[in-house]
Amino acid sequence: MTTRHVEIRYPATEIDRKWQKRWENDGIYRVKDDDPRPKWYELTMYPYPSGDLHVGHWYVMAPADCHARFRRMQGYNVLHPMGFDAFGLPAENAAISRGIHPHQWTMDNIANMRRQFRSMGPMYDWKRELITCLPEYYRWNQWLFLQLYKKGLAYQAEAPVVWCPSCKTVLANEQVVNGRCERCDTPVTRRALRQWFFSITSYAEELLDFSGFTDWPEKILTMQRNWIGRSQGVEIAFDISHYGLEERELRTFTTRIDTIYGVTFMVLAPEHPLVEKLTAPDQRAVVQAYVEETQRQTEIERLSTEKEKTGIPLGAYAVNQLNGERVPLYIADYVLTTYGTGAVMGVPAHDQRDYEFAKKHGLPISTVIAPPDGAGAEDGRAFTEEGTMVNSGQFDCMASPNAVEAIADLVESKGWGHRAVSYRIRDWLISRQRYWGTPIPIVYCAACGTVPVPEDDLPVLLPPNAEFKPTGKSPLATNEEFVHTTCPSCGGEAHRETDTMDTFVDSSWYMFRFASPHYDKGPFDPALVEKWLPVDQYTGGAEHAVMHLLYARFFTKALRDMGLVKFDEPFLRLFNQGIIIAGGAKMSKSRGNVINPDDYVESLGADVVRTYLMFLGPWDQGGDWTDTGINGVARWMNRIWDLFQRDTEKLPENVQNAQALAQTRRKLHQTIEKVYNDLDRFKFNTAIAALMELSNHLARAWDQGEIDAPLWGECVEKFLVMLAPLAPHNAEELWERVGHPYSVHNQPFPKWDPTLAAEEMITLVVQVNGRLRDRLEVPASISESDAKELVLASPKVRPHTQNKTVKNLVYVPGRLVNIVVD
RNA sequence: GCCGAAGUGGCGGAAUGGUAGACGCGCCGGUCUCAAAAACCGGUGGGGGCAACCUCGUGUCGGUUCGACUCCGACCUUCGGCACCA
């Protein structure tokens, strides 16, 4: 901000306020459910009300608003709503550190952010605003929870959960980044707690089906695919009946059943339920120590790939039923209880991890697949490719991919196991030991057990008083009045669930709520959801590629199966904007390069800030904010302000230069086409560049007396309509000053005439062997033979073709002729 | 390690098989001014040439093509995601 700003030559702030007020009073952007035009639902991911709107928010919201405005001008009835994702950790952490109640803090922030949003001049219909921390919203979280519970999709389980020792709360797997808490970066640990889960895994297979999308970035699909992590294999039992236990077999999952004859050991997760029973007496002490050691380890330590493969023998064995071999059993921390069966078979010859484990523990390495070229595999590595079966009994000599099927058939026919699919994705843990969230509507009764709160008793209000600072216990447990209740079933004494829901529950269905944000007979009005949904265009950051988008898709499918909605996917199209940086570096307080949009709006007006954000680079790639860069847009706004208010009386009556007039008209229609197509595809930067070209052209045409009043008027009118979605305030003000009736925002986007846009003369590029040698101005209608003749006659070409044979003439109509010579 | 995206002037970027560098920033020169700022006009990839022009040039090396920033292969660098998943 040390750079001096260009001075704005018009009363920007006044204009901003004037029109924001007028639009508000007129309700020009009010969304009507019964509007006959085709609907278009354009949704931007709603923000956390964590304080001030920073330039990152502007970068997300302003271009999205421009695109929604463009759709409106295309003739759609556009729903482009805004709300606040008001529950959750950021609000609560901030409230804790400032000693203000989360509700107060959140609502104050919302008021401030709403004011800042208005300064941007967006087309939000504030009558549709939603705030998730209010009972009118979160009671439907509770209602939806009860529906999921009824469907068996919400359940309780004790499970090792990820625990952040700093936030003193359980985290979802998705909230763990590299073994650290997403919010505070503290390495996470594990704990066993009784928690509520949503069974997203029930939909794992369907969530892999992306066929319901119209347009999603490939990158996001890949990330979701990897996150769900489907693998196909065989679940097979190894025999442990010789121990006379209740369990007669040890089950394992493998994607490589073709290597079953090469199993030389098995490894169980330290938490595996059979570990206790199978451990030999003389191994008990060391096994127990290892199990404890594992529990102490943080996720980050345990999952480090650099770590040596530790493990402890149980002093027990299992029998491979295919060849009758006894294989020793180990426990090791690299085997996870949460994936497959919690036990893996060790095939050191054909799995690199097993190979390292075998080397470390002196276990035999038995080759059962030979490389196809017969070359030796060994030299310190496992052979993990396909090949020819060896040492595999009846399957010898078979190609290993065929053996996969043959062995699976045998395993199934013998009843030793079956084909199976495993997913990496785990059920969604929604319980939070936090105050600032939706209370889970469950009551525990000594007589009746777990009892859902009756729908008529909703909402279960979040009490204003509780010790919400983290203590390790759920804050709501400190409020006696809240906890003690009567059982809805038997009327006896009971206590409430004191955990609250993950905030991602709120955002999993908010897109439905916007269809009827104040509906009080259900989470949404079914007729209006049917009208508005699914979302036609969703925009937001790629950081929500996995959790939010997957959860919202899951909710939609669950609601569909309950008969509440009729579609499979909530978001037809998805566009991810990039990240804005400043001066080549990420914005941060320590760097001192944080851009506060309010300062710029104050001095340059909202439109310069909006337009610059869209001009500084392609939206999907993010951009670099520079204080000198914004001056360019400010200058341009100054120039068009003066240009369009020039006195048209001064223009000549009759311009004799018909060619110049046609040229200007052509430029206008070419610009309309370009801006239309660019705005359509979120290419704001090139749309603005095209408008700059047009304004430069118009200024030149005026100065050179090559334009008359009617054409000038037409150009200015269409220019302002095209400017309207980008710079709504200035476009409206100029529209009025030029003498058009209110409002520019109710104009349809201009149409271009391809005939008028077509060039009469073209530059014919002349190449010799692909190298540029000449450019010829020729009529666009030139015939191929004329063009070729002209080109060969060019004096600039001749020196390059002399004494050479012309082998070929490549003709690209309207573009070039390439002369191919020896 | 695996998956994905991206590498173009001094800078942000434009051009997705056909004139590389649109548009803007910055810089240089000029007009105006006592002067500066602003504004306006002109110039601005490198090398050579008085000039017309020539030549090199889109991370590196190869390939396809009449023609490649663009398509294909390998590599290098940067960024993002996932990471002992059996």
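All chains are named by letter (A, B, ...) in the order of the sequence lines, taking the proteins before the strands, and each is independently numbered beginning at 1.
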**Student:** Looking at Trp227(A), I'd like to know if the NZ or CZ of Arg424(A) sits under 6.0 Å from its six-membered ring centre while staying within 45 degrees of the ring's axis.
**Tutor:**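 Yes, Arg424(A) lies over the aromatic ring of Trp227(A).
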**Student:** Roughly how many Å is it from CZ in Arg646(A) to C1' in C40(B), rounded to a whole number?
**Tutor:**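 After rounding, the reported distance stands at 11 Å.
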**Student:** Looking at Ser231(A), I'd like to know whether one of its side-chain N or O atoms comes within less than 4.0 Å of OP1 or OP2 on A86(B).
**Tutor:**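 Yes, such a contact exists.
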**Student:** Say you pick atom P in G59(B) and the same atom in A6(B); how far apart are they, in whole Å?
**Tutor:**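 Roughly 13 Å separates the two P atoms.
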**Student:** Rounding to the closest angstrom, what is the interatomic distance between G45(B) and G24(B) at atom P?
**Tutor:**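 Pairwise P distance, G45(B) against G24(B), rounds to 15 Å.
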**Student:** Nearest to the Leu336(A) side chain among A15(B), C85(B), G18(B), which nucleotide is it?
**Tutor:**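 Of the candidates, C85(B) comes closest.
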**Student:** I want to verify a distance call: between C53(B), U19(B), C82(B), whose nearest atom is closest to the Trp227(A) side chain?
**Tutor:**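 From the listed options, C82(B) comes nearest.
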**Student:** Determine the Euclidean distance between corresponding P atoms of G43(B) and A22(B); express it in Å to zero decimal places.
**Tutor:**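 To the nearest whole Å, 12 Å.
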**Student:** Considering just the side-chain nitrogens and oxygens of Arg424(A), establish if one lies under 4.0 Å of OP1 or OP2 belonging to A83(B).
**Tutor:**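 For A83(B), OP1/OP2 do have a side-chain N/O of Arg424(A) under 4.0 Å.
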**Student:** Measure from the side-chain heavy atoms of Asn818(A) and tell me the nearest of G67(B), C82(B), A14(B).
**Tutor:**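 When the side chain of Asn818(A) is considered, G67(B) is the closest of G67(B), C82(B), A14(B).
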**Student:** Any chance you could measure Ile369(A), atom CD1, to Asp258(A), atom CG, to the nearest 0.5 Å?
**Tutor:**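 Going from the CD1 atom of Ile369(A) to the CG atom of Asp258(A) covers 4.0 Å.
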**Student:** Given G24(B), is OP1 or OP2 found less than 4.0 Å from the side-chain N or O atoms of Asn696(A)?
**Tutor:**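 Answer is yes, contact under 4.0 Å.
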**Student:** Can you name the side chain to side chain contact (heavy atoms under 4.5 Å, CB included) partners of Leu790(A), sequence neighbours left out?
**Tutor:**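 Checked Leu790(A) against side chain to side chain contact (heavy atoms under 4.5 Å, CB included); matches are Leu776(A), Val778(A), Ile782(A).
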**Student:** Mind checking if Thr763(A) touches a base, just sugar-phosphate, or nothing, with heavy atoms under 4.0 Å?
**Tutor:**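 Here Thr763(A) touches the bases of the nucleic acid.
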**Student:** Between C72(B) and A83(B), how far apart are the two C1' atoms, rounded to whole Å?
**Tutor:**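 30 Å, rounded to whole Å.
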**Student:** Under 4.0 Å: is that the gap between some side-chain N or O of Asn226(A) and OP1 or OP2 of A83(B)?
**Tutor:**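 Looking at the OP1 and OP2 atoms of A83(B), neither is under 4.0 Å from any side-chain N or O of Asn226(A).
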**Student:** Given atom CG of Asp624(A) and atom P of G7(B), what is their separation to the nearest angstrom?
**Tutor:**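 Distance check: Asp624(A) CG to G7(B) P gives 16 Å.
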**Student:** Looking only at the side chain of Glu693(A) (C-beta and beyond, no hydrogens), which of the listed nucleotides C66(B), A22(B), C53(B) gets closest?
**Tutor:**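 Selected nucleotide: A22(B).
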**Student:** Which nucleotide, in any strand shown, forms a Watson-Crick or G-U wobble pair with U19(B), with both distances under 3.5 Å?
**Tutor:**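 Partner of U19(B): none.
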**Student:** Need the glycosidic conformation of G9(B): syn if within 90° of 0, anti if not. Which one?
**Tutor:**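 Syn, angle within 90° of zero.
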**Student:** Hey, which of these two, Asn808(A) or Val765(A), hits RNA chain B nearer its 5' end, going by closest nucleotide?
**Tutor:**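 Counting from the 5' end, the first nearest nucleotide belongs to Val765(A).
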**Student:** Take atom C1' in G18(B) and the same atom in C71(B), then report the distance between them in whole Å.
**Tutor:**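 So the two C1' atoms sit 14 Å from each other.
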**Student:** Can you work out whether Val344(A) or Arg639(A) has the more 5'-proximal nearest nucleotide on RNA chain B?
**Tutor:**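 Its nearest nucleotide being more 5', the pick is Arg639(A).
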**Student:** In the strands shown, is G29(B) matched to any nucleotide by a Watson-Crick or G-U wobble pair with both distances under 3.5 Å, and which?
**Tutor:**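 C41(B) is the nucleotide pairing with G29(B).
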**Student:** Atom CG of Leu694(A) to atom C1' of G24(B): distance rounded to whole Å?
**Tutor:**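 Going from Leu694(A) (CG) to G24(B) (C1'), I get 16 Å.
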**Student:** Could you work out which one of A86(B), G12(B), C54(B) sits closest to the side chain of Arg773(A)?
**Tutor:**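 Nearest listed nucleotide: C54(B).
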**Student:** Taking the P atom in each of G62(B) and U19(B), what is the distance between them to the nearest angstrom?
**Tutor:**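 Here G62(B) and U19(B) have their P atoms 24 Å from each other.
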**Student:** Nearest to the side chain of Arg9(A), which nucleotide is it out of A39(B), U19(B), C23(B)?
**Tutor:**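 Comparing A39(B), U19(B), C23(B) against the side chain of Arg9(A), the answer is A39(B).
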**Student:** Would you say Glu249(A) has more than 12 foreign heavy atoms packed within less than 6.0 Å of its CD?
**Tutor:**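 More than 12 within 6.0 Å, yes.
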**Student:** Hey, mind stepping through Gln767(A) and Arg773(A) against side-chain contact (heavy atoms from CB on, under 4.5 Å) and telling me if it holds?
**Tutor:** CA-CA 5 Å; Gln767(A) 298 181 336; Arg773(A) 295 301 175 192; over 6 Å; no
**Student:** Lys683(A) NZ to A22(B) P: how many Å, rounded?
**Tutor:**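 About 17 Å, once rounded to whole Å.
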**Student:** Between Arg635(A) and A39(B), does any side-chain N or O lie under 4.0 Å from OP1 or OP2?
**Tutor:**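 Arg635(A) to A39(B) OP1/OP2: side-chain N or O found under 4.0 Å.
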**Student:** Of the options C23(B), A86(B), A14(B), whose atoms approach the side-chain atoms of Asn685(A) most closely?
**Tutor:**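 My answer, after comparing the listed nucleotides, is A14(B).
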**Student:** What integer distance in Å separates Phe682(A):CZ from G13(B):C1'?
**Tutor:**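 Atom-to-atom, Phe682(A) to G13(B), this comes out as 20 Å.
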**Student:** Could you work out which one of A20(B), C54(B), C25(B) sits closest to the side chain of His800(A)?
**Tutor:**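 Out of A20(B), C54(B), C25(B), the nucleotide with an atom closest to His800(A)'s side chain is C54(B).
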**Student:** The side chain of Met223(A) is closest to which nucleotide in this list: C85(B), G18(B), G81(B)?
**Tutor:**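 Looking only at side-chain atoms, Met223(A) lies closest to G81(B).
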**Student:** With a 3.5 angstrom cut-off on both distances, give the Watson-Crick or G-U wobble partner of A74(B), or none if there isn't one.
**Tutor:**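 Result: U60(B).
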**Student:** Say you pick atom C1' in A86(B) and the same atom in U70(B); how far apart are they, in whole Å?
**Tutor:**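 The same atom, C1', in both gives a distance of 43 Å.
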**Student:** Could you check, using the six-membered ring where one of them is a Trp, whether Phe644(A) and Phe719(A) have ring centers closer than 6.0 angstrom?
**Tutor:**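 Aromatic pair counts; centres sit under 6.0 Å.
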**Student:** Which nucleotide wins on minimum distance to the side chain of Arg426(A), given the candidates A14(B), A86(B), C85(B)?
**Tutor:**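 Nearest listed nucleotide: C85(B).
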**Student:** For C11(B), give its Watson-Crick or G-U wobble partner with both distances under 3.5 Å, or none.
**Tutor:**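 Across any shown strand, C11(B) pairs with G24(B).
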**Student:** How close do His350(A) and Val368(A) get, heavy atom to heavy atom, and via which atoms?
**Tutor:**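 Distance-wise, the nearest heavy atoms are NE2-N, 3.0 Å.
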**Student:** Please give the distance between the P atoms of G57(B) and A20(B) as a whole number of Å.
**Tutor:**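 Between the two P atoms, the distance is 13 Å.
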**Student:** Pick base, sugar-phosphate or nothing for Lys807(A), based on heavy-atom distances below 4.0 Å to the nucleic acid.
**Tutor:**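 No contact.
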**Student:** Given that both distances must come in under 3.5 Å, which nucleotide forms a Watson-Crick or G-U wobble pair with G1(B)?
**Tutor:**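 Across any shown strand, G1(B) pairs with C82(B).
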**Student:** Are Lys219(A) and G81(B) close enough that a side-chain N or O sits under 4.0 Å from OP1 or OP2?
**Tutor:**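 Indeed not, no polar side-chain atom of Lys219(A) lies that close.
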**Student:** Ignoring hydrogens, what is the shortest heavy-atom contact between Gln232(A) and Thr255(A)? Give both atom names and the distance.
**Tutor:**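 Looking at all heavy atoms of both residues, the closest pair is O-CG2, 3.5 Å.
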**Student:** What does U65(B) pair with, Watson-Crick or G-U, if both distances are under 3.5 Å?
**Tutor:**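 In the structure as shown, U65(B) has no Watson-Crick or wobble partner.
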**Student:** Could you list the residues that satisfy side chain to side chain donor-acceptor pair (under 3.5 Å) with Lys683(A), not counting sequence neighbours?
**Tutor:**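 For Lys683(A) there are no side chain to side chain donor-acceptor pair (under 3.5 Å) partners, ignoring immediate neighbours.
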**Student:** Using a 4.0 Å heavy-atom cut-off across all strands, classify Gln767(A) as base, sugar-phosphate, or nothing.
**Tutor:**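 The residue Gln767(A) makes base contact.
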